[in-house]
Asker: 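Here it is: the structure, laid out below.
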Amino acid sequence: MRFLRALLLFKLGFWAGIVASAALMKRMLPSRGDAESDEVALVAIFDGVALKSSARAFRGGSMFSWFGGIAVDLREAQLAPDAHFDVHSLFGGIAIRVPLEWRIESDVKALGGGVVAVSPAQPAADAPVLRLDGFAAFGGVAIGAQPFDDVPES
């Protein structure tokens with residue numbers, strides 16, 4: 001019985017530490033960027049962030065979700081050369097919608113989560129390229145031109 005009590009206290013302390021850390025990080029890492037921004041730094045900790053970009057030379061930026069979610073719609077944005085996103089998700093999710101003509105190059109890794117990056121089957125040779133790097137731990141990252149509930153399993 002003493003072991004179970006110690007285990008319960010450990011778990012309770014662990015999760016209290018996670019919540020306290022997340023609250024502190026939320027204050028230290030505010031989101032930056034709006035619909036017209038060429039670069040964004042989006043942070044979702046225990047909440048959600050949604051952005052619909054209409055930038056004229058979108059260069060990318062970073063996204064971080066921790067027990068939260070980020071939804072970004074880039075279908076009205078124009079991509080700058082060498083556009084790049086760093087995406088990181090911990091127990092959260094990130095969804096990015098892009099125009100059909102864009103080519104996606106993803107090097108996002110997952111641990112206990114998932115990554116879906118859907119590019120057109122036959123992209124044009126001069127198609128704009130959006131590169132993604134990062135990780136998803138017990139969360140997910142989805143990027144593509146079609147609604148994510150219609151993404152075929154591979």
Side-chain angles (χ1 to χ4, degrees), residues 10-80 82-121 123 127-154:
F10 172 76
K11 282 186 175 185
L12 202 59
F14 174 79
W15 285 108
I18 292 286
V19 170
S21 297
L24 181 63
M25 292 293 285
K26 189 173 184 175
R27 287 179 169 233
M28 293 175 58
L29 297 172
S31 286
R32 294 186 326 245
D34 60 11
E36 300 296 321
S37 298
D38 290 337
E39 284 191 38
V40 296
L42 303 177
V43 179
I45 300 175
F46 285 111
D47 65 358
V49 174
L51 176 72
K52 185 170 185 168
S53 178
S54 57
R56 296 296 131 219
F58 190 78
R59 292 188 306 264
S62 64
M63 295 185 202
F64 176 69
S65 71
W66 187 4
F67 291 104
I70 299 175
V72 176
D73 188 343
L74 299 175
R75 291 177 292 177
E76 294 178 11
Q78 295 174 5
L79 201 60
D82 298 323
H84 178 265
F85 256 131
D86 284 316
V87 295
H88 305 282
S89 179
L90 178 63
F91 293 98
I94 297 173
I96 305 169
R97 300 277 308 266
V98 298
L100 282 169
E101 336 37 85
W102 288 12
R103 192 174 60 200
I104 309 302
E105 292 180 0
S106 174
D107 193 29
V108 180
K109 307 292 186 223
L111 171 69
V115 177
V116 174
V118 180
S119 243
V129 178
L130 179 61
R131 289 177 180 77
L132 290 122
D133 290 311
F135 70 91
F138 305 103
V141 175
I143 180 167
Q146 59 188 357
F148 297 117
D149 54 352
D150 294 341
V151 174
E153 292 186 25
S154 55

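Since the structure is predicted, the reported quantities are computational estimates derived from the model, not experimental observations.
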Asker: Any heavy-atom pair between the side chains of R97 and P99 that's under 4.5 Å?
Answerer: no

Asker: To the nearest 0.5 Å, how far apart are CD in E105 and CG in L132?
Answerer: 9.5 Å

Asker: So how far is it from S65 OG to I70 CD1, rounded to the nearest 0.5 Å?
Answerer: 5.0 Å

Asker: Tell me, yes or no, whether the heavy-atom count around R56 atom CZ, taken from other residues, nucleotides or ligands under 6.0 Å, exceeds 12.
Answerer: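 Check passes, neighbour count above 12.
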
Asker: Nearest heavy-atom pair of A44 and G69: which atoms, and what distance?
Answerer: CB-O, 3.4 Å

Asker: Taking all non-hydrogen atoms of both residues, which atom of W66 and which atom of S21 are closest, and how far apart?
Answerer: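 W66 and S21 have their closest heavy atoms at CH2-CB, 3.8 Å.
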
Asker: Quick one: CD1 on I104 to CD1 on I96, what's the gap to the nearest 0.5 Å?
Answerer: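 I104 atom CD1 to I96 atom CD1 measures 8.0 Å (nearest 0.5 Å).
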
Asker: Between W15 and F91, how do the two ring planes meet: parallel, tilted or perpendicular, split at 30° and 60°?
Answerer: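 Correct class here is perpendicular.
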
Asker: Could you check whether any side-chain heavy atom of F64 comes within less than 4.5 Å of a side-chain heavy atom of I45, counting everything from C-beta outward?
Answerer: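 When only atoms from C-beta onward are counted, I45 and F64 do touch, with a gap below 4.5 Å.
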
Asker: Can you tell if the side chain of M63 reaches within under 4.5 Å of the side chain of V141, non-hydrogen atoms only?
Answerer: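 Not touching, per the 4.5 Å side-chain cut-off.
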
Asker: Which distance, rounded to the nearest 0.5 Å, do you find between the NZ of K109 and the CZ of F135?
Answerer: 13.5 Å

Asker: Can you tell me how the ring of F85 sits relative to the ring of F58, calling it parallel under 30°, perpendicular over 60° and tilted otherwise?
Answerer: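 Ring orientation of F85 relative to F58: tilted.
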
Asker: Under 4.5 Å between any side-chain heavy atoms of V72 and V40, yes or no?
Answerer: no

Asker: Between CG of L130 and CZ of R59, what distance do you get to the nearest 0.5 Å?
Answerer: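 Going from the CG atom of L130 to the CZ atom of R59 covers 13.5 Å.
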
Asker: Under 3.5 Å, side chain of S31 to main-chain N/O of V43, donor-acceptor pair present?
Answerer: yes

Asker: Between S53 and E76, does a side-chain hydrogen bond (donor to acceptor under 3.5 Å, both in side chains) hold up when you go through it step by step?
Answerer: CA-CA 6 Å; S53 178; E76 294 178 11; over 6 Å; no

Asker: Between S37 and A55, what is the shortest heavy-atom contact and its length?
Answerer: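 Shortest heavy-atom contact: O-CB, 3.2 Å.
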
Asker: To the nearest 0.5 Å, what is the distance between CZ (F67) and OG (S89)?
Answerer: 10.5 Å

Asker: For the pair R32 and D34, find out whether any cationic side-chain nitrogen is under 4.0 Å from an anionic carboxylate oxygen.
Answerer: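 No, no charged N to carboxylate O under 4.0 Å.
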
Asker: State, with a plain yes or no, whether a side-chain heavy atom of V87 is found less than 4.5 Å away from one of I143.
Answerer: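 Heavy-atom side-chain distance check fails, nothing below 4.5 Å.
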
